[in-house]
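What's counted below: heavy atoms across the whole structure, side chains too, no hydrogens, waters or symmetry copies. Because the structure is predicted, anything quoted here is derived from the model rather than measured. The sequence lines fix the lettering, A, B, ..., with proteins before strands; numbering per chain opens at 1.
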Amino acid sequence: MNIRNFLDNQVSQALQAAGAKPGTSAIVKQSSRPEFGHYQANGVIGAAKQLKTNPREFAAKVIDNLDLSGIAETVEIAGPGFINIHLSQTWLSSLASEALNSESLNIDKTDKPDTVVIDYSSPNLAKEMHVGHLRSTIIGDAIARILEFTGHTVIRQNHVGDWGTQFGMLLTHMQDIEQDDQSLTMQLADLEQFYQAAKQRFDSDADFAQTARDNVVRLQSGDPEYLKLWQQFIDISLQHCEDIYHHLNVLLTRNDVMPESAYNNDLSSVVEDLNTHGLLSEDQGAQCVFLDEFKGKDGKIIPMIVQKSDGGYLYATTDLAALRYRHKTLDMTRGLYVIDARQSLHMKQVFAVGKHAGFVPQSTQLEHIAFGTMMGDDGTPFKTRSGGTVKLADLLDEARQRAFDLVTLKNPDLDEQNRRDIANSVGIGAVKYADLSKNRTSDYIFNWDTMLSFEGNTAPYLQYAYARIQSIFRKAGNLSQNHAIELNEAAEIQLTLKLLQFSEAIDSAAKDSAPNLLCNYLYELAGQFMHFYESCPILSATDAIKNSRLQLANLTANTIRTGLDLLGIAVLDRM
RNA sequence: GCGCUUGUAGCUCAACCGGAUAGAGCAUCGGCCUUCUAAGCCGAGGGUUGCAGGUUCGAGUCCUGCCAAGCGUGCCA
């Protein structure tokens, strides 16, 4: 049940019954201030303007056509012609009971399910995952979970980079130390160092460099020995990724991996298809697509190059092949690409060329879910103190360690294993939430102290609210189900209303692929709960009130758990 | 040159197809632990929403022009 949508429908119908043009929307929103009720309709004024009538008089006519008996306590005209709706407390409490008795918290599934292909994480397997992969991985994972929850068919695609010239260098280095199996396993345990070692040989040893280049050709021509070596390297690198995904509580598995190399055999036909559609033109030896829509004020068109003058293909070609595959084989109706904002021109080109070439129908909804760069305190891209890239594994270790220190400080009596477990959820949750709670389009400043202060709008705040509720339940003993919810105190009403708005938060997060909207909601919910917790004692209240408040606490816990789960963040019974 | 993105409190960020008095957290200051976990709660101060115009009942939000920053822009991904 999405209350906003429900009221919007009701008021919109009344609006049209009162004489507004068909299709006029009531624009119902949550009220901006408590004295304006629970919801306000903003569309009446504009509709009255269109009809050239007095907004307040028109609003009265709309109310005459609006029947919210049993739902609204009062419906009133305010200001220049707003309609303020105060919901009935009995309606709110009955909705809360319904949510409590529903598996899905009474959240509606979409009536227009899409097959959404979501491309996220997509690291390059030549190196170890670093902080540059963090945002795509956790934002994409949250969006995938949210869309799945709202009833869409979600197909995850981890478009890993497993092909390219660096592999010649890596495999050659690997081959040289393969004789000693033990040593190889050890060296591959740190892929970053392995890459650096191979790179150093490549740069300083001309013979090695030549062998590496020859080996790229051997690999690409399908030499079985080299393919075997390559497969071995890829397996190990993927295992590194899976370890990270596991620690991060990200749902990607090996089944979701659809590597670049999988499209190798499609690339030439992509170029042929473009030619068939008359999109291809040769320029300075390269095969290009020039589209008018990429023409600037200066009259120049930025082309998309799909084949180099030496005959090699580019990532644009691979992306087009992937697009075609996602339509033909996966039946995608909506495609989301959770990729760095710097690729926005590239994504626009892929989408435009893909549609012109008929790789996907015009109706397919293709979206670049862009996000900003992760910055350090100084406003430059996030690096280690010595200027190197930060390995994701190290970053997560630090988060867990810092959280462990804090848990130990706050709760020294818990045994160590317990504190480790709590620290894992708190540390990882804090890292993810800090990112997810921000509007993804702007650059993101990563700061340990802000993130792991564990105060204010952070994952631990939400986890703490949940842990407090669990503590109450432990003390309350058996929880009687299905007890009536009585709303008397302002804090109870506000909490209930907020609980019932979970559906609205999920819908807006799904619509805009914006997990931060869900974060905002959960933070406000936890805040409402904290307020309720302080002002409405539960266990010491009389039975009727105690049971009622326990129901509210229970629904709050279910909502926080579900909401955090959609973000890929765990809850804790104690912390 | 052209294009994309961003500019809101000292700092990090919100503000839901334009809505009523622009909200939080951190930091600062002041209160609250014999009462369900103080990782909490209550309160105070802090703003010309980069600048200038425009559109209208109403603009942080839309349009135009400037300013500033970042990124991208034919054979890396």
Query raised in the report: Considering only heavy atoms and no angle criterion, is a donor-acceptor pair shorter than 3.5 Å present between the side chain of A:S344 and the base of B:rC71?
Result: no
Query raised in the report: With no angle test and no hydrogens, is the base of B:rA39 tied to the side chain of A:Y464 by a donor-acceptor pair under 3.5 Å?
Result: no
Query raised in the report: What distance, rounded to whole Å, do you find between the two P atoms, one in B:rA20 and one in B:rC62?
Result: 16 Å
Report task. Check every atom of B:rG19, B:rA39, B:rU6 against the side chain of A:M575 and return the nucleotide holding the closest atom. Result -> B:rA39
Report task. Could you measure between the two C1' atoms, the one in B:rG60 and the one in B:rU6, and give it in whole Å? Result -> 14 Å
Report task. Compute the ring centroids of A:F502 and A:Y521, then answer whether they are less than 6.0 Å apart. Result -> yes
Query raised in the report: Where the side chain of A:I305 is concerned, which of B:rC75, B:rG25, B:rA20 is the nearest nucleotide?
Result: B:rC75
Query - Phosphate contact (B:rC75 OP1 or OP2) by A:S309 side-chain N/O below 4.0 Å - result: no
**Report entry** Consecutive Watson-Crick or G-U pairs in runs of at least 3, all under 3.5 Å, in which RNA chain B is involved
**Finding:** B:1-7 with B:67-73, B:10-13 with B:23-26, B:28-32 with B:40-44, B:50-54 with B:62-66
**Report entry** C1' gap between B:rG7 and B:rU48, integer Å
**Finding:** 15 Å
Query raised in the report: Base, sugar-phosphate, or nothing for A:Q30, non-hydrogen atoms under 4.0 angstrom?
Result: base
Query raised in the report: Which part of the nucleic acid, if any, lies within contact of A:R574, taking any heavy atom under 4.0 Å across all strands shown: a base, the sugar-phosphate backbone alone, or nothing?
Result: base
Requested in this report: Please answer whether the main-chain N or O of A:N5 pairs with a side-chain N or O of A:N2 as donor and acceptor at a distance below 3.5 Å.
Outcome: yes
Query raised in the report: What integer number of Å spans the P atoms of B:rC63 and B:rA69?
Result: 23 Å
Requested in this report: Please confirm whether A:Y461 and A:Y433 have ring centers closer than 6.0 angstrom.
Outcome: no
**Report entry** From B:rC17, B:rA77, B:rC36, nucleotide with atom closest to A:Y315 side chain
**Finding:** B:rA77
Query raised in the report: Taking the C1' atom of each, how far is B:rC36 from B:rG23, in whole Å?
Result: 30 Å
Query raised in the report: Given B:rC57, B:rA14, B:rC41, which nucleotide is nearest the side-chain atoms of A:K49?
Result: B:rC57
**Report entry** Intermediate values then yes/no, side-chain contact (heavy atoms from CB on, under 4.5 Å), A:E492 and A:I485
**Finding:** CA-CA 10 Å; A:E492 294 171 318; A:I485 295 175; over 6 Å; no
Requested in this report: Kindly say whether, by distance alone, the side chain of A:D443 makes a donor-acceptor pair under 3.5 Å with the base of B:rA69?
Outcome: no
Query raised in the report: With a non-hydrogen cut-off below 4.0 angstrom, is A:H346 in contact with a base, only sugar-phosphate, or nothing?
Result: nothing
Query raised in the report: Base, sugar-phosphate alone, or nothing: which one does A:N520 contact when heavy atoms must sit under 4.0 Å apart?
Result: sugar-phosphate
Query raised in the report: Between A:Q40 (side chain) and A:I85 (backbone), is there a donor-acceptor pair under 3.5 Å?
Result: no
Requested in this report: Determine the Euclidean distance between corresponding C1' atoms of B:rG46 and B:rG30; express it in Å to zero decimal places.
Outcome: 16 Å
Query raised in the report: Has the side chain of A:T24 got a donor or acceptor atom that lies under 3.5 Å from a matching backbone atom of A:A20?
Result: no
Query raised in the report: For the base of B:rU5, is there a side-chain donor-acceptor partner from A:R342 under 3.5 Å away?
Result: no
Query raised in the report: Expressed as a whole number of Å, how far does the C1' atom of B:rG50 sit from that of B:rU61?
Result: 16 Å
Requested in this report: For nucleotides B:rA14 and B:rC57, find the distance between their C1' atoms and express it as a whole number of Å.
Outcome: 27 Å
Requested in this report: Would you please indicate yes or no on a ring centroid separation below 6.0 angstrom for A:Y263 and A:H159?
Outcome: yes
